[in-house]
Asks: 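Before I ask anything, here is the structure I am working with.
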Number of protein chains: 2
Amino acid sequence: MKEYITIKDLADQLHLSVGTVSKAFNPKYKDISDRTRQKILEAARKMGYVPNPFAQKLLKKKTLNIGIIVPEFSHSYFSEVIFSAQEKLLENDYQTLIMSSHESSELERKNIETLVNHMVDGLIISLCNGSLNHEYINDVIESGIPIVQFNRVSKKVNSPKVEFNDYKWAVFGTEHLISQGCQNLIHLALPRHLPLGHQRILGFKKALEKHRIAHKDHQVIEAGITVQDGEEAMSRYLENHGCPDGILAAGDPLAIGAMKILKRKGIAIPEKVKVMGFTESAMALVVEPELSSISQPTDQIGHLISKFLLDQIAGIDKSNEHYLFDGKLNIRESTSCTGQ
Amino acid sequence: MKEYITIKDLADQLHLSVGTVSKAFNPKYKDISDRTRQKILEAARKMGYVPNPFAQKLLKKKTLNIGIIVPEFSHSYFSEVIFSAQEKLLENDYQTLIMSSHESSELERKNIETLVNHMVDGLIISLCNGSLNHEYINDVIESGIPIVQFNRVSKKVNSPKVEFNDYKWAVFGTEHLISQGCQNLIHLALPRHLPLGHQRILGFKKALEKHRIAHKDHQVIEAGITVQDGEEAMSRYLENHGCPDGILAAGDPLAIGAMKILKRKGIAIPEKVKVMGFTESAMALVVEPELSSISQPTDQIGHLISKFLLDQIAGIDKSNEHYLFDGKLNIRESTSCTGQ
DNA sequence: TTGTAAGCGTTATCAC
DNA sequence: GTGATAACGCTTACAA
């Protein structure tokens, strides 16, 4: 066990009282001579003094910890947002406790409980697929722990929300496909209970209507999340309805799954069918042909969720905030014949 | 700010002293009647009492915090190891503080300082590329904070080490290529100062020697880490030395970069050249042809590093441990003509 | 300008 | 069996 220098050690060394030494570290105390302050700071540096954060946390009744819960962090979207949030929080002297629910509502609940038990002053959360914890989370907020939701949010939870403008960018993505000549489009959608998936569906339909392209219900397929989900949905669709000429996937993994099946069947991308991803990941540049996708400003998202949470903690109410970020359409080979 | 129930609240409520209440929660105190203990536990449950961990940490001089520093966590290898380590540590009542050095020696140093100042009881670390912190880390250990190294370790740091058996599996990987008929092999290596990269180089050479395949120095190329590094190295090699018939890349990204260039030049994989990755990532299944690679048991790695650290904290010396994990050779299309 | 002392929520050592 | 009290390291109002 490491032995740390305490304020008392410093005080003894310098023949001062602990009170005086403590004040030296806090600029708000002007009632201390510059000379003693310098002497104390100097000695502290030399002896390697660091204040005991637990004593501070105990006294101040603030944990200076923030919990972040995400459904998974193998996907780079979440690791990027986490890194950026952590950076911002650290600047404000907050430590970050990161947990993953692994898309399990139960584990999500356990994680929240762990963090709420005195560990954190606030919580940043992206709900897992099929989360049943709305009420519990509202209780947590009620009890005095502010929460910020991002990415996968629930309207039932009364907190600031940070999302991507899924509707708008689903329109843009679809319109890009249309502009490339697609007329028989499908949308590989996320599980229906994810609101962000719903917005993408609405955006897809809106674009079709705007361009007066008739469409039927079966053109929106509730596929899932993973590469495998994409494969299965694509296979099923091909069997039942033949080949579309444009696909808007609600996520890169879905798009990649679909591409696997198409390539296996010898259907040329982008000549016969154009494919568009969503929430760009590193994989977009690895598949062949390279996948057009919509990138999200993970850096800005991380900073904003931190800011909202810090505001809430400071008593500035942001619970009605609902910020929608814009992204970028990255056109690559999978949607542009000319790009070939 | 959330208001928590304290031991004092419980004591007042039950007309008992704080001392008695405290003892009720710790089974080692037998000098308390079963009836009062039950009464206390009951009341605690009802009122939602949870002990304040900061008061405990302060008193016990144990923080029950562990720091984990990795060079990046967008790569799934690290997120998997972290998740598994966190799971094991949580079982033992330890919280995890996760930080990323983003392959920067400076940020790595700052992260270590942050964690040390937050008085973590121990540190798990995978060094960044080009880390200059050996001495500082040894000082940290010297000061009484145990450290466990994994994946990217340095011999100069005196701590338990957990690695993959890079040498052995580089031999296996290379032999697989040879068994598929390759005779003109190259190795796309990691930066030279990474010991794990060095082991893979030695393994590659060993396999060639064992099978009496002549080779020259230029067949081992210090490429880097990223997809782009792989592209550049491959381009350069093709220009200067023509096309090899087998490539062992020291990482999936390098392999994928090389494949991009080969495909662009119209060189058929696996017919003309076979490509093998290392430390399998999700990308292996996304590229085309699917990439043969060597997978690592991230779960077991996470558990073992946690165990080593907990042992060190408990005073059981493991500083001379150097565990080498074995992996699995996953053969896919990129190395098997028949698989086509 | 500096020192004193109470208190944050626990645990553990003694009395009673 | 239970209660009082000191201690962990720090901050802060108040006294000197």
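Throughout, a chain's letter reflects where its sequence line sits, starting with A, and its residues are numbered from 1. Heavy-atom basis, side chains included; hydrogens, waters and symmetry copies ignored.
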Asks: By nearest nucleotide on DNA chain C, pick out whichever of B/Val18 and A/Val18 is the more 5' one.
Replies: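 Going by which nucleotide is closer to the 5' end, it is A/Val18.
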Asks: So what does B/Thr6 touch, heavy atoms closer than 4.0 Å: a base, only the sugar-phosphate, or nothing?
Replies: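 Answer is sugar-phosphate: B/Thr6 comes under 4.0 Å of backbone atoms only.
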Asks: What is the distance, rounded to the nearest whole Å, between atom CG of A/Leu10 and atom C1' of D/dT11?
Replies: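 One finds 15 Å between C1' of D/dT11 and CG of A/Leu10, rounded.
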Asks: Quickly work out the A/Ile7 CD1 to D/dC8 P distance and round it to whole Å.
Replies: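 These atoms are roughly 14 Å apart.
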Asks: Would you say the side-chain atoms of B/Asp9 pair up with the backbone N or O of B/Thr6, donor to acceptor, closer than 3.5 Å?
Replies: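 Here the side-chain-to-backbone pair exists.
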Asks: Please check if any side-chain donor atom of A/Glu163 sits under 3.5 Å from a side-chain acceptor atom of A/His322, or the reverse.
Replies: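 A/His322 and A/Glu163 do have a side-chain donor-acceptor pair below 3.5 Å.
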Asks: Give a yes or no on whether a salt bridge exists between A/Glu103 and A/Arg152, defined as a side-chain N under 4.0 angstrom from a carboxylate O.
Replies: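 Between A/Arg152 and A/Glu103 there is a salt bridge, with a charged N closer than 4.0 Å to a carboxylate O.
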Asks: Which residue lies toward the 5' end of DNA chain D, B/Lys60 or B/His15, if each is placed at its nearest nucleotide?
Replies: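 The answer here is B/His15.
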Asks: Between D/dT2 atom P and B/Leu14 atom CG, what is the distance in whole Å?
Replies: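 It works out to 12 Å between those atoms.
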Asks: Are A/Asp311 and A/Lys318 close enough for a salt bridge, meaning some N to O gap below 4.0 Å?
Replies: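 The answer is yes: the pair qualifies as a salt bridge.
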Asks: Base, sugar-phosphate, or nothing for B/Lys57, non-hydrogen atoms under 4.0 angstrom?
Replies: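 The residue B/Lys57 makes no contact with any strand.
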Asks: Return the value, rounded to whole Å, for the distance between atom NZ of A/Lys61 and atom P of D/dT11.
Replies: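 To the nearest whole Å, that distance equals 17 Å.
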Asks: With no hydrogens and no angle check, just 3.5 Å: does a side-chain donor-acceptor pair link B/Glu72 and B/Ser100?
Replies: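 No, B/Ser100 and B/Glu72 have no side-chain donor paired with an acceptor closer than 3.5 Å.
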Asks: Starting at CG of B/Leu59 and ending at P of D/dG9, how long is that distance when rounded to a whole Å?
Replies: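 Whole-Å distance recorded here is 9 Å.
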Asks: Can we say B/Arg45 and B/Glu42 salt-bridge, meaning some charged N sits less than 4.0 Å from an Asp/Glu carboxylate O?
Replies: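 Result for this pair is yes, salt bridge flagged.
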Asks: A/Phe73 and A/Val70: which non-hydrogen atoms are nearest, and at how many Å?
Replies: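 Smallest interatomic distance, heavy atoms only, reads CD2-CG2, 4.0 Å.
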Asks: Given D/dT2, is OP1 or OP2 found less than 4.0 Å from the side-chain N or O atoms of B/Ser17?
Replies: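 B/Ser17 to D/dT2 OP1/OP2: no side-chain N or O under 4.0 Å.
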Asks: Taking atom types as modelled and ignoring hydrogens, do the side chains of A/Ser84 and A/Asp299 form a donor-acceptor contact shorter than 3.5 angstrom?
Replies: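 A/Asp299 and A/Ser84 do not have a side-chain donor-acceptor pair below 3.5 Å.
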Asks: Report the end-to-end axis angle of the helix from C/dT1-D/dA16 to C/dC16-D/dG1; each axis comes from five terminal pairs, and the value is rounded to 10°.
Replies: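 Both end axes considered, the difference amounts to 50°.
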Asks: Using the heavy-atom set of chain A and a strict 4.0 Å cut-off, write down the first and last nucleotide of DNA chain C that makes it in, 5' to 3'.
Replies: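 Both ends considered, the range comes out as C/dT1 to C/dG9.
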Asks: State, to 0.1 Å, how close B/Gly67 and B/Leu115 come at their nearest heavy-atom pair, and which atoms those are.
Replies: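 Nearest pair, atom of B/Gly67 first, then B/Leu115: CA-CD1, 3.9 Å.
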Asks: Quick one, which residues of residues 28-49 of chain B touch DNA chain C with a heavy atom under 4.0 Å?
Replies: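 Only B/Lys28, B/Tyr29, B/Tyr49 qualify.
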Asks: Under a 4.0 Å threshold between the charged nitrogen and the carboxylate oxygen, would B/Lys110 count as salt-bridged to B/Glu106?
Replies: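 Looking at B/Lys110 together with B/Glu106, the answer is no, because their closest N to O distance does not fall below 4.0 Å.
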Asks: Ring centroid separation for A/Tyr49 and A/Phe25, is it under 6.0 angstrom?
Replies: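 They qualify: ring centres under 6.0 Å apart.
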Asks: Roughly how many Å is it from CG in A/Asn52 to P in D/dA7, rounded to a whole number?
Replies: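 Nearest whole value for this atom pair: 18 Å.
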